[in-house]
Amino acid sequence: MTDAEPAKGPSRRALLGALGVAVGAGAAGAAGALTATGSWPGETQQPDAGGTPAGSSGQPVLASGRYQAGIARPATPQHFGLLLVCDLDGTDTSWLGALGQRILELTTKATPTDVLPDGPGDLTVTVGLGPRIVAARDASLPGAEDLPSFAGDETIEPHRRGGDLLLALYSDDPSVLTAVGDDLLTLVPGATPRWRQRLFRGHGERGVVRNPFGFLDGVIVPHGDEELAENVWIGSGAADAALAAGTVCVIRRLRLDTARFAALGTPAQERVIGRERIDGTPLSGGPKDGEVDLNAKTPEGEFITPLRSHARAAHPSFTGSSLMLRRGYAFDDGLLPNGEADAGLAFICFQNTLRTFVVTQQRLDENDDLMKYATPTGSATFLILPGFSASSPLSF
Amino acid sequence: MNFRILPAVLALALVVTLSGCAVSENPSGPTSSSSTTVRVPADAATIQEAVDKVPEGGMVLISPGTYTEEVTVSTRNITLRGLDRDGVIIDGEGLRANGIQVIADGVRVQNLTVTRHTFNGVLVTGMHDENGPQAHNLTGYQKLDPAKFPPLQRFEVDHVTATNNGLYGIYAFNSQNGVLSNNYASGSADSGFYVGQCQDCSILVSGNVAERNAIGYENANASDSVVITGNRFSGNRVGLTLLSWYQEAFVPQRGATVVGNVISDNNSADSPAQAQGGFGIGVGLSGAQSDTLERNLVSGNSVSGVQLSNTEDIATTGTRLTDNALSGNGVDVADVAATRSPTTTTCITPDTGLSLLPGDLAASCSAGASAGVAASALPQVQVPAGVSFLKVGRPVLQPNLDGDLTAVPDALPTSGPAGSFNTTSVTLPAADLLVSSTGTR
Ligand code: HEM
């Protein structure tokens with residue numbers, strides 16, 4: 001070699017291309033990289049167990065099934081939601097059967113009720129139990145462990161921490177949720193409301209929606225039965241057999257400083273996220289629904305998906321964890337006494353082990369520039385019980 | 001979408017098929033005296049052609065020249081040897097992924113130069129399938145199944161110069177019972193040398209020089225019997241790292257021995273950036289467990305001589321720092337672990353005269369956990385911009401392999417020398433260890 005600079009030196013662009021191709025070839029085919037055509041995944045997806053429609057369309061969503069509704073079905077979450085979190089007097093859960101029965105009634109179109117005289121629309125209700133209730137049964141069960149305190153959690157108001165019972169109600173019709181929640185709670189003896197949260201989300205296909213920062217969210221999540229089984233649903237291992245087809249839910253109410261984030265301007269925002277703002281294309285290239293390339297570097301040695309970007313920080317490969325099913329909603333509860341908006345993202349995710357969330361959030365606290373724009377204002381985890389039906393009642 | 005696809009690693013896809021097409025049945029030129037030696041270009045026009053031709057136990061002997069090919073070695077027990085270390089150059093031209101990819105047991109690579117690859121100069125890996133060799137960096141969403149890929153056995157990379165490569169200079173992954181010795185690596189955008197993903201590795205890393213790399217030597221999830229001795233890891237951004245890394249199998253890393261090395265002045269500006277911003281660090285331990293560093297010279301690293309931290313929820317534990325010569329570092333030993341996975345039982349002997357962060361770090365030998373300091377408590381240095389890996393300066397001429405280069409060596413032994421390596425005989429090296437191989441021309 002006579003010169004460190006190649007004689008017919010590849011341009012920087014060509015070199016980056018070569019690096020990108022070599023790395024990308026290995027990553028092709030994994031999560032999220034569904035279509036090279038640029039269409040969002042799922043448009044031709046088979047309905048999952050229970051024959052539910054793929055998108056939210058006001059069409060009824062089956063409440064009965066192996067898994068509860070409101071997690072992976074409908075595939076496109078409804079536009080509105082209401083989280084009701086309650087404390088319970090004791091740890092008895094014998095009321096669950098009646099609650100499940102009532103959910104089946106309310107969500108069955110054939111039987112208009114006082115609560116839903118116009119029928120259920122696409123209403124779903126998801127039931128979860130808090131760690132105190134689960135641990136009282138068996139401290140080794142998934143869902144028995146509470147969340148640790150993460151960075152900034154010390155300022156969360158106590159009433160928005162934890163809780164024994166979660167009812168998560170979703171519908172394209174926001175006006176029905178309160179009545180349904182009130183009706184269902186009459187069936188839960190000793191329930192005292194602890195916190196509640198109204199939710200909304202925009203249009204989006206197959207779970208991908210623009211979040212309050214204006215970026216597409218929900219790109220890299222498990223899709224299809226196999227990935228859901230691997231990452232989301234509790235398995236049938238001996239210890240958890242009774243909870244197989246349940247899942248562990250985490251809810252984080254994150255107040256977002258949208259003004260400060262907006263002030264960054266688009267290019268800096270994209271470096272914080274690791275993807276482009278308009279259509280979600282990774283900064284490392286590829287299709288808009290493709291994975292970010294964690295390895296690609298400039299010839300000078302810097303990561304192309306930035307070191308402190310959210311996509312790099314949240315990536316499960318660094319923590320030996322799994323893909324979480326993220327299904328967040330926006331919230332806006334007006335102004336705080338100090339004049340700031342109490343608005344942001346109700347981050348909601350599902351995974352078969354709490355560790356997936358915990359090690360990811362800890363990594364975000366240490367490595368993610370996005371966290372500078374988020375303040376935790378609520379935090380809870382719930383064991384989402386396995387699905388139920390008329391013949392196989394909701395139980396724990 | 002398919003999570004069951006092979007590990008989404010660096011897919012080095014373009015290998016065997018492309019290179020096989022030029023095999024000639026009637027090689028021109030004289031046939032070599034020994035039927036077990038195939039000479040390039042005399043007996044075969046390309047190195048790949050020679051490698052495909054040589055029988056097990058044989059040798060490919062390469063004459064000086066620039067070879068613009070990616071070589072895959074899939075024949076067991078062969079030796080790939082250059083006749084002139086500086087003159088036999090496998091040049092990736094900034095376009096090809098790897099120089100030499102070894103996927104067969106018992107292979108030696110000796111006395112040549114590999115340069116300007118977008119990934120690795122030499123890659124030795126037990127992970128390969130019909131798509132060719134793969135290694136490292138499980139950045140997909142599936143778990144790696146090491147049982148599917150038994151580790152490659154018996155390898156030696158010796159007297160190889162690896163410069164200006166985009167990932168690692170010389171890289172042994174998912175392999176056991178091997179040696180990386182007397183090599184030189186510079187201008188790697190990641191590390192000059194890398195040993196990754198093995199348990200009971202029995203790998204000896206000795207007599208190597210790494211300079212002007214982002215990291216000199218990196219050891220991820222390589223455990224039990226890795227012996228790193230008599231090397232010079234000086235003048236990089238970071239000298240040496242031992243770490244646990246979730247993107248490979250076999251976390252946590254544990255039980256490596258680092259003895260008798262010079263790890264100094266890792267403040268290089270003529271090097272690619274370390275992508276995580278590392279600079280001025282002699283030894284970095286991250287989620288590293290029960291490692292021993294003895295009688296090393298660790299000096300002049302502007303941020304820290306030895307830096308301890310966590311890899312996510314994996315703590316660094318049980319580090320033994322014994323009889324090292326630590327001096328002139330920003331701070332000699334610093335613990336910067338996050339409170340969620342604090343460093344425990346760091347034993348520093350002797351600790352007199354050393355600068356430590358936190359100040360009572362040495363007490364953790366018996367007290368257990370230490371309270372890591374914030375990175376902002378470390379000496380603050382200006383990190384120079386990275387230099388393109390293709391533009392980092394060229395090394396000086398490097399020494400050739402000794403002896404009769406035409407003699408075909410015996411097969412490598414079943415167990416690598418690391419297992420029986422006697423560390424007690426290794427003394428503290430002089431500051432000028434291997435210094436004649438350093439510098440630019
Ligand atoms: C501050 C509020 C947050 C915003 C605005 C946000 C936004 C985003 C965006 C835009 C993406 C890229 C597109 C995608 O893959 O969906 C993303 C990815 C992701 N986020 Fe968040 N996120 C937030 C909080 C969180 C939290 C709290 C977690 C979990 C602890 C999390 C976990 C993830 C994961 C796992 C990915 C996929 C990473 C990958 O594998 O590529 N996010 N997020």
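A note on names: the letters A, B, ... follow the listed sequences, proteins ahead of strands, and every chain is numbered from 1. Only this structure's heavy atoms are used, side chains among them; waters, hydrogens and symmetry mates stay out.
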(request) Taking atom CD of A/E145 as the centre, report whether more than 12 heavy atoms of other residues, nucleotides or ligands fall under 6.0 Å from it. (result) no
(request) Count the heavy atoms of every other residue, nucleotide or ligand shown that sit under 6.0 Å from CZ of A/R355, and state whether that count exceeds 12. (result) yes
How many angstroms lie between atom [atom1] of [X] and atom [atom2] of [Y], to the nearest 0.5 angstrom?
X      : Y      : atom1 : atom2 : value
A/N295 : B/F119 : CG    : CZ    : 7.0 Å
A/E366 : B/S309 : CD    : OG    : 10.0 Å
A/K297 : B/L167 : NZ    : CG    : 6.0 Å

(request) Say whether B/E312 and A/T319, considering side chains only, have a donor N or O and an acceptor N or O under 3.5 Å apart. (result) no
(message) Using a 4.5 angstrom heavy-atom cutoff, name the option from B/G386, B/A275, B/S188 with the most pairs to chain A.
(response) B/A275
(message) Are the side chains of A/E300 and B/S388 in contact, using a 4.5 Å heavy-atom criterion?
(response) yes
(message) Does this structure show an ion pair linking A/D365 with B/R340, if we count only N-O contacts that are shorter than 4.0 Å?
(response) no
(request) Go through the structure and list residues passing side-chain hydrogen bond (donor to acceptor under 3.5 Å, both in side chains) with A/R308, not counting sequence neighbours. (result) A/D369
